[in-house]
There are 2 protein chains.
Amino acid sequence: MTIPAKPIYIHSFSHRCGDWIPIEEMQDAIDNQAAIHQLSRLGIQRFSKLQTSLNALITENLERSLGQAKLSADDIDATIFFSTTLDPYIQHSDVPMALHDLGITRAIPYGVFYNQCTNHTQALQLAQLLCAEGRANHIAVFGYDALDDNKISRILPSRTSVYSDAFISCIVSREVRKDSYRIDSIDHLYAPEISQYNRPEDALHFITAYSRRFSEICQQSYKNNLTSSNEYNFLITPNYNFSVVKNLAEIAGFPEDRVYRDNITRYSHCFSGDHFIALQHLEKANKTQQGNRYLLTAVGGFVTFSAVTLMRV
Amino acid sequence: MTIPAKPIYIHSFSHRCGDWIPIEEMQDAIDNQAAIHQLSRLGIQRFSKLQTSLNALITENLERSLGQAKLSADDIDATIFFSTTLDPYIQHSDVPMALHDLGITRAIPYGVFYNQCTNHTQALQLAQLLCAEGRANHIAVFGYDALDDNKISRILPSRTSVYSDAFISCIVSREVRKDSYRIDSIDHLYAPEISQYNRPEDALHFITAYSRRFSEICQQSYKNNLTSSNEYNFLITPNYNFSVVKNLAEIAGFPEDRVYRDNITRYSHCFSGDHFIALQHLEKANKTQQGNRYLLTAVGGFVTFSAVTLMRV
């Protein structure tokens with residue numbers, strides 16, 4: 001159970017994607033025609049390919065997040081960087097160089113990895129611990145993922161979605177800032193048993209175990225918040241295809257009109273970035289108002305499940 | 001300042017290196033003859049090359065750590081995995097598979113990266129936060145680094161040392177276990193300005209800035225513990241060459257006989273593993289006794305400085 005003793009707030013989102021490429025033009029499209037046809041039918045249309053340097057992405061987005069928050073670089077007490085795809089042999093000095101140039105010179109840097117598409121909720125968990133222990137008032141949280149098409153296919157297992165490159169940033173603070181969301185709970189659940197069902201013939205076992213655990217993390221979150229699914233204005237899942245999102249919504253107990261699906265077709269699955277991008281879009285589209293509540297669910301590497309609840313303040 | 005409100009303890013160390021190779025047989029030895037000659041003269045003799053799978057390393061070492069701690073897999077509330085060199089496209093499902101096989105099935109997994117050779121102190125910092133907030137009683141902490149000789153040279157910048165592959169593990173607990181060290185403080189300091197001095201002609205600027213920051217983190221640690229260097233039985237630095245370690249000892253205010261150097265020649269620099277391996281050796285050599293105090297210093301990616309103080313309980 002992870003309801004913060006002292007509230008923390010998330011705000012000042014920014015993101016950048018790269019060139020938008022139709023999924024039919026994916027590098028290994030010819031080898032995956034059936035999958036691409038199916039994904040397209042289920043709402044997955046295009047993906048982003050980032051060519052911009054990590055350094056430039058940090059500068060652009062963190063500057064924007066700081067500007068929105070009306071904070072100076074020197075207000076930042078810690079940075080939390082997360083990534084799934086970062087090549088440690090190439091990009092290991094980009095972050096300190098970019099932070100130095102921005103003037104973020106005293107913030108203790110943290111790096112979060114290895115939980116794939118729950119890296120962002122693990123980063124929020126760390127941010128919450130740092131705030132709770134009084135180590136930080138303002139934390140810059142940012143994530144970067146750019147897939148190397150020569151190393152791995154962009155198609156997720158079981159044709160769930162297509163990976164899309166993105167850089168995202170936001171600020172976590174101990175105080176309310178403009179357009180803030182209060183983080184009411186962060187829950188994680190580990191299900192290593194699922195990693196054994198990785199052969200095509202295990203599909204049924206996989207789906208059963210996955211559904212059971214997804215239900216478990218939702219119920220845990222409702223219980224910790226003394227709520228039911230009825231109290232949330234939106235369920236925000238990762239940008240999987242329409243069919244998968246529909247199934248997840250059913251398990252979580254959400255009717256169709258309270259499931260955020262606007263970004264599936266335009267973004268595909270931006271690793272750990274989907275939720276932060278969705279919150280930006282909801283804000284811009286004036287679809288949020290004070291008191292609105294959100295349930296954000298994610299699954300990392302098919303083994304770590306997360307549920308975060310937010311209230312717009 | 002990071003003196004834990006409630007004490008936490010580190011214990012049950014284990015490690016595994018690979019084949020020991022003389023530095024003269026390094027893959028790029030021919031291109032680096034002068035450096036290798038100098039390093040050899042300064043105590044760096046050999047490095048470890050790991051060929052064992054990450055999965056097998058986790059199983060072997062965590063089993064040993066759990067055994068030493070007399071804990072069962074089910075006692076573990078969280079795992080913290082750290083790495084500098086991990087290839088995210090190849091080894092992304094090894095950890096959950098290995099943990100599942102060990103019976104560590106309910107521990108929330110955390111992954112720490114991007115601070116290179118302070119990843120282990122960042123992992124300890126996270127462990128301390130999790131314990132302080134009551135999220136965990138026992139945390140399995142483990143790190144893995146195996147350098148790809150085709151991607152990068154094993155020689156550290158400025159001929160400081162040679163990278164050596166290693167897997168390490170230990171347990172962090174909220175209660176005293178056999179052969180425990182109490183963690184009295186964990187300090188980090190960020191110095192991104194150093195990353196700009198990366199050309200050979202910046203060497204003097206680099207050394208000056210580095211020394212100043214190293215002194216700063218030591219003084220911060222002494223101050224937070226209300227101690228001076230006199231109160232510590234051993235300074236444990238990473239396994240840099242004898243000349244570098246001598247300089248660091250001088251800056252930290254330690255005489256030669258209280259600087260741990262036994263592992264320089266036999267291990268070289270095991271990324272984030274040197275300190276945990278040193279503690280194991282001190283223990284086996286009966287060089288520790290109740291009440292002994294240790295200052296552990298590290299520098300990650302030439303920008304994050306850390307100082308951890310321990311007391312043998």
Side-chain angles (χ1 to χ4, degrees), chain A residues 1-2 4-5 78-79 81-102 104-116 119 122 125-126 128-130 132-133 135 147-148 151-152 188-196 198 300-304, chain B residues 1-2 4-5 78-79 81-102 104-116 119 122 125-126 128-130 132-133 135 147-148 151-152 188-196 198 300-304:
Chain A
M1 213 264 274
T2 60
T79 61
F81 171 56
F82 58 89
S83 179
T84 293
T85 59
L86 190 110
D87 185 330
Y89 293 95
I90 295 177
Q91 299 172 297
H92 71 279
S93 62
D94 289 359
V95 172
M97 288 289 270
L99 295 182
H100 172 262
D101 294 345
L102 274 169
I104 299 181
T105 53
R106 62 170 192 83
I108 307 293
Y110 294 88
V112 166
F113 85 140
Y114 213 76
N115 280 291
Q116 272 97 52
N119 278 338
Q122 302 254 325
Q125 175 69 88
L126 174 55
Q128 192 242 303
L129 290 170
L130 289 166
E133 287 289 292
R135 306 286 170 79
L147 187 135
D148 184 337
K151 289 188 180 166
I152 200 171
H188 287 99
L189 183 157
Y190 191 49
E193 79 278 6
I194 295 180
S195 59
Q196 65 188 315
N198 49 13
F302 293 119
V303 289
T304 307
Chain B
M1 212 265 274
T2 59
T79 60
F81 171 56
F82 58 89
S83 179
T84 294
T85 59
L86 190 111
D87 185 328
Y89 293 95
I90 296 177
Q91 298 172 298
H92 71 277
S93 61
D94 289 359
V95 172
M97 288 290 271
L99 295 181
H100 171 262
D101 293 345
L102 272 170
I104 299 182
T105 54
R106 61 170 192 84
I108 307 294
Y110 294 88
V112 167
F113 85 140
Y114 213 75
N115 281 289
Q116 271 99 50
N119 278 338
Q122 302 253 327
Q125 175 69 86
L126 174 56
Q128 192 241 303
L129 291 168
L130 289 165
E133 288 289 293
R135 306 286 171 79
L147 187 135
D148 184 338
K151 289 188 181 166
I152 201 171
H188 287 98
L189 183 156
Y190 191 49
E193 77 278 6
I194 295 180
S195 59
Q196 64 188 314
N198 50 13
F302 293 120
V303 289
T304 306

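Order of the sequence lines sets the chain letters (A, B, ...), proteins ahead of strands, with each chain counted from 1.
Interface remark: Asp148(B) contributes backbone and side-chain atoms alike to the contact with chain A (heavy atom separation under 4.5 Å). Looking at Ala98(B), there are no atoms closer than 4.5 Å to chain A (heavy atoms on both sides), in backbone or side chain. In this structure, the portions of Tyr190(B) lying under 4.5 Å from any heavy atom of chain A include both its backbone and its side chain. If you measure heavy-atom distances from Ser83(B) to chain A, the contacts under 4.5 Å come from both the backbone and the side chain. In this structure, the portion of Ser93(B) lying under 4.5 Å from any heavy atom of chain A is its backbone and not its side chain.
Ranked by heavy-atom pairs under 4.5 Å with chain B, the first of Thr84(A), Leu86(A), Ile104(A) is Leu86(A). For the set Leu99(A), Asn119(A), Asp87(A), Val95(A), the entry with the most heavy-atom pairs within less than 4.5 Å of chain B is Val95(A). In terms of heavy-atom pairs under 4.5 angstrom with chain A, the leader among Ile90(B), Thr105(B), Ile152(B) is Thr105(B). Highest contact tally toward chain A, considering only Asp101(B), Asn115(B), Leu147(B), is held by Asn115(B) [criterion: heavy-atom pairs under 4.5 Å].
Of the inter-residue distances, the one linking Arg135(B) atom CZ with Gln128(A) atom CD reads 5.0 Å to the nearest 0.5 angstrom. Separating the NE2 atom in His92(B) from the CD atom in Gln116(A) is a distance of 5.5 Å, to the nearest 0.5 Å.
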Discussion item. Could you go through Val112(B) and Tyr114(A), starting from their C-alpha distance and side-chain angles, then the distance that decides it, and tell me whether this counts as side-chain contact (heavy atoms from CB on, under 4.5 Å)?
Written reply: CA-CA 8 Å; Val112(B) 167; Tyr114(A) 213 76; over 6 Å; no
Discussion item. Determine whether Gln125(A) and Leu129(A) satisfy the following criterion, side-chain contact (heavy atoms from CB on, under 4.5 Å), listing intermediate values before the conclusion.
Written reply: CA-CA 6 Å; Gln125(A) 175 69 88; Leu129(A) 290 170; 4.0 Å; yes
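Under the 30°/60° scheme for interplanar angles, the aromatic rings of Phe113(B) and Phe113(A) are found to lie parallel.
Within the 4.5 Å cutoff, no side-chain heavy atoms of Leu126(A) are placed close to those of Tyr110(B).
When all heavy atoms of Gly111(B) and Gln122(A) are compared, the pair lying nearest together is N-OE1, 4.5 Å.
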